[in-house]
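The model shown is predicted, which means the values in this text are computed figures rather than measured ones. In what follows, residues are counted from 1 in the order of the sequence shown.
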Amino acid sequence: MHCPFCQHQDTRVIDSRVSDDGATIRRRRECEACGERFSTLETVELKMPVIIKGDGRREPFDARKLRRGFDRALHKRPVSEEQIEAAVRAVVHQSRMTTERELPSRRVGEFVMAELRKLDHVAFVRFASVYRSFEDVADFREELDRLERELPGEGQLPLLGGDVVPFDKHADKNKKR
């Protein structure tokens with residue numbers, strides 16, 4: 001590596017440390033010519049698939065954009081930063097593991113919805129409402145019904161307030177009898 005101070009071609013590594021998450025290595029270097037010291041970060045560079053948007057455009061995979069989508073869906077929800085980061089990493093991993101060079105944005109959206117469903121049902125419905133272009137309240141109700149049928153809801157806040165109880169869409173009708 002070239003010295004950033006004198007542009008000499010030879011520098012030597014005097015210390016290496018792995019980051020806490022194991023994803024990067026910090027190397028302390030010293031220039032053999034001028035004696036200046038500097039640090040470098042080494043990370044793995046993996047080729048991510050190109051994303052094919054709904055209108056046919058192609059754009060590079062962007063993990064920051066992915067994170068913003070999670071942040072928007074999880075705004076003011078009781079989900080920790082660590083959980084969000086883990087979900088983002090899971091979607092990146094799933095996208096990479098497809099081994100496809102190009103990946104439809106719809107598929108990435110499905111990966112995101114699967115992670116949001118595990119994290120927070122309200123965030124899942126928020127994301128699904130935009131992702132699936134809900135037109136009216138009936139679309140929301142349909143998605144809520146599907147979610148309530150598929151998931152027991154253990155460990156999450158209820159979708160419609162109150163205690164965590166199994167969903168019974170006929171409960172109000174039964175009370176009136």
Side-chain angles (χ1 to χ4, degrees), residues 1-2 4 16-27 29 38-160 167:
M1 173 163 288
H2 289 75
S16 293
R17 295 177 190 222
V18 177
S19 66
D20 291 338
D21 66 358
T24 59
I25 297 176
R26 181 179 177 271
R27 298 196 191 280
R29 296 177 175 269
F38 59 97
S39 295
T40 60
L41 292 175
E42 182 179 313
T43 60
V44 174
E45 184 178 37
L46 298 170
K47 185 79 170 160
M48 292 298 293
V50 172
I51 304 302
I52 304 170
K53 305 298 278 182
D55 63 4
R57 288 180 298 119
R58 286 166 166 66
E59 62 182 51
F61 187 94
D62 187 353
R64 290 183 310 247
K65 190 173 178 181
L66 181 65
R67 173 60 196 244
R68 281 193 305 272
F70 272 97
D71 288 343
R72 247 182 260 122
L74 290 161
H75 183 67
K76 293 189 178 184
R77 298 299 303 154
V79 178
S80 72
E81 284 296 313
E82 292 80 21
Q83 290 173 299
I84 297 170
E85 281 301 317
V88 170
R89 279 194 306 273
V91 171
V92 169
H93 178 73
Q94 288 173 314
S95 299
R96 187 181 307 124
M97 297 311 291
T98 63
T99 67
E100 296 175 31
R101 294 176 69 141
E102 296 182 331
L103 194 61
S105 60
R106 280 264 181 242
R107 188 122 173 251
V108 176
E110 294 296 330
F111 294 155
V112 170
M113 288 201 323
E115 291 302 316
L116 284 172
R117 185 180 286 212
K118 294 179 211 171
L119 284 178
D120 186 82
H121 295 164
V122 171
F124 166 76
V125 173
R126 281 180 183 168
F127 186 86
S129 71
V130 174
Y131 178 73
R132 293 184 178 151
S133 304
F134 287 4
E135 297 287 326
D136 55 24
V137 176
D139 292 337
F140 277 95
R141 191 170 289 121
E142 203 174 291
E143 189 63 41
L144 289 173
D145 288 346
R146 184 179 312 121
L147 185 62
E148 292 288 354
R149 279 192 311 270
E150 293 173 5
L151 297 173
E154 296 168 13
Q156 291 198 24
L157 295 175
L159 286 169
L160 302 174
F167 181 71

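Between the Arg58 side chain and the Gly56 main chain, a donor and an acceptor come within less than 3.5 Å of each other. Panel note: side chain Arg126, backbone His75; a donor-acceptor pair is recorded below 3.5 Å. Between the Arg29 side chain and the Phe38 main chain, no donor and acceptor come within less than 3.5 Å of each other. With hydrogens and angles ignored, the 3.5 Å screen pairs a side-chain donor or acceptor of Ser19 with a backbone N or O of Thr24. Using a distance-only test at 3.5 Å, with no hydrogens or angles considered, a donor-acceptor pair links the side chain of Gln83 to the main chain of Ser80.
Between Lys53 and Ser105 the shortest heavy-atom distance is CA-OG, 3.8 Å. In terms of heavy-atom proximity, Met113 sits nearest to Phe127 at CG-CD2, 3.3 Å.
Checking Val92, Val91, Thr98 one by one against Ser95, the side-chain contact (heavy atoms from CB on, under 4.5 Å) holds for a single residue, Val91.
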Mind running side chain to side chain contact (heavy atoms under 4.5 Å, CB included) on Glu110 and Arg107 for me, showing each step along the way?
-> CA-CA 5 Å; Glu110 294 296 330; Arg107 188 122 173 251; 5.6 Å; no
Please lay out, stage by stage, how Arg67 and Glu81 fare under the test salt bridge (Lys or Arg N to Asp or Glu O under 4.0 Å).
-> CA-CA 11 Å; Arg67 173 60 196 244; Glu81 284 296 313; 2.5 Å; yes
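Distance check: Ser16 OG to Glu42 CD gives 8.0 Å after rounding to the nearest 0.5 Å. Atoms CG and CZ, from Leu41 and Arg26 in turn, are 7.5 Å apart once rounded to the nearest 0.5 Å. Here Phe111 contributes atom CZ and Met97 contributes atom CE; the two are 11.0 Å apart, rounded to the nearest 0.5 Å. With rounding to the nearest 0.5 Å, the separation of CD1 in Ile51 from CG in Asp62 is 9.5 Å. Interatomic distance, Arg57 CZ to Ile52 CD1, rounded to the nearest 0.5 Å: 12.0 Å.
In this structure, Leu116 and Leu74 have side chains that are in contact, with non-hydrogen atoms separated by less than 4.5 Å. Contact check for Arg27 versus Met1: no side-chain heavy atoms found under the 4.5 Å cut-off. With a 4.5 Å cut-off on side-chain heavy atoms, Pro49 and Arg101 do not count as touching. With a 4.5 Å cut-off on side-chain heavy atoms, Val50 and Phe61 do not count as touching.
A salt bridge links Lys118 with Glu115; the closest basic N to acidic carboxylate O contact falls under 4.0 Å.
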